[in-house]
Amino acid sequence: MPRLPVLLAALLTVTAGLGVRALWDGPVAKYAGDALYTMLIFVLVVLVWPRVRPAVAAAVAAGLSWAIEFAQLAGIPPALRPLLGSTFNPPDLLWYAVGAGAAWAVHAWLLGRRIPPDRAEREEGTHVKGESR
């Protein structure tokens, strides 16, 4: 996956998170934020490891999100609480899975839309100049 679209996806995810927080409050903003938080982790995994399979990136993103949530049971240092949270909330685990699943689905769909290089070369080799398809 090329890095520019991945960077744009990260920017879009952060913008969506800020937009959700600006437009709504309460459970909608909280749980949408949880899903988007995991989607951002997914995007960062793809940024660091461009050839990662979508299912692996989703598992890593959900796993990291869940690990952070469970770490809240032991206590998060005050300096990290704005980023990592401070209170364990079991429903968050579901919304992290929703975010990972949504990111996986979009990534898999985007990969499916790309023509593999070997197929593109074969199709290019069969095209006759001046002939329309």
Side-chain angles (χ1 to χ4, degrees):
M1 179 67 82
R3 285 206 161 97
L4 181 59
V6 176
L7 287 170
L8 291 174
L11 181 62
L12 179 64
T13 304
V14 170
T15 302
L18 294 172
V20 164
R21 290 286 183 174
L23 296 173
W24 293 284
D25 59 356
V28 170
K30 181 186 180 347
Y31 296 125
D34 289 343
L36 287 165
Y37 185 86
T38 300
M39 291 175 82
L40 181 60
I41 293 172
F42 180 101
V43 171
L44 295 175
V45 167
V46 173
L47 185 64
V48 171
W49 188 11
R51 293 184 183 268
V52 67
R53 293 188 330 247
V56 172
V60 169
L64 285 172
S65 296
W66 290 335
I68 291 166
E69 190 69 26
F70 282 111
Q72 292 170 355
L73 289 170
I76 300 289
L80 295 177
R81 287 181 186 157
L83 179 64
L84 303 178
S86 62
T87 307
F88 178 78
N89 186 25
D92 290 352
L93 301 171
L94 168 68
W95 291 102
Y96 296 145
V98 168
W104 168 81
V106 169
H107 189 184
W109 178 75
L110 288 172
L111 288 177
R113 291 181 39 90
R114 293 177 50 203
I115 297 175
D118 61 327
R119 184 174 146 206
E121 290 171 8
R122 282 191 310 239
E123 288 180 4
E124 190 175 291
T126 60
H127 179 68
V128 177
K129 188 175 180 177
E131 183 181 294
S132 64
R133 294 184 187 219

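Values reported hereafter were calculated over all heavy atoms of this structure, with side chains retained and with hydrogens, waters and symmetry mates removed. For this chain, numbers begin at 1 and follow the sequence in order.
A side chain to side chain donor-acceptor pair (under 3.5 Å) check over residues 68-78, counting only residues at least two apart or in different chains, returns the pairs Glu69-Tyr96. Applying the ring-ring contact (aromatic ring centres under 6.0 Å, His included) test to residues at least two apart or on different chains, the pairs with a partner in residues 32-55 are Phe42-His107.
Note: Leu12 CG to Leu40 CG = 11.0 Å, rounded to the nearest 0.5 Å. Rounding to the nearest 0.5 Å places CG of Leu64 at 10.0 Å from CG of Leu44.
With a 6.0 Å radius and a threshold of 12 heavy atoms from other residues, nucleotides or ligands, Arg81 has its CZ atom above the threshold.
Partners of Ala29 by side-chain contact (heavy atoms from CB on, under 4.5 Å), not counting sequence neighbours, listed by chain and number: Val20, Arg21, Trp24. Applying the side-chain contact (heavy atoms from CB on, under 4.5 Å) criterion to Val106, with sequence neighbours excluded, gives Leu110. With sequence neighbours left out, Arg3 forms a side-chain contact (heavy atoms from CB on, under 4.5 Å) with Leu47, Pro50.
Heavy atoms only, all atoms of each residue included: Leu111 and Pro54 are closest at CD1-CG, 3.6 Å. The minimum heavy-atom distance between Trp104 and Ala58, with the atom names listed, is CB-CB, 3.8 Å. Closest heavy-atom contact between Thr38 and Ser65: OG1-OG, 2.8 Å. Here the shortest heavy-atom pairing between Val60 and Val45 reads CG1-CG2, 3.6 Å.
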If you look only at distance, which donor and acceptor atoms sit under 3.5 Å apart when one is on a side chain in residues 82-95 and the other is two or more places apart or in another chain?
from	atom 1	to	atom 2	distance (Å)
Asn89	ND2	Tyr31	OH	3.4
Asn89	ND2	Asp92	OD1	3.2
Asp92	OD1	Lys30	NZ	2.7
Asp92	OD2	Lys30	NZ	3.1

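A single hydrophobic cluster is not seen to contain both Leu4 and Val48; linkage of ILVMFWY side chains at heavy-atom distances under 4.5 Å, directly or through other members, places them apart. Val43 and Leu8 are assigned to two separate hydrophobic clusters, defined by single-linkage of ILVMFWY side chains at heavy-atom distances under 4.5 Å. Side-chain heavy atoms closer than 4.5 Å link hydrophobic residues (I, L, V, M, F, W, Y) into clusters, and following such links, even through other members, never connects Leu18 to Leu11.
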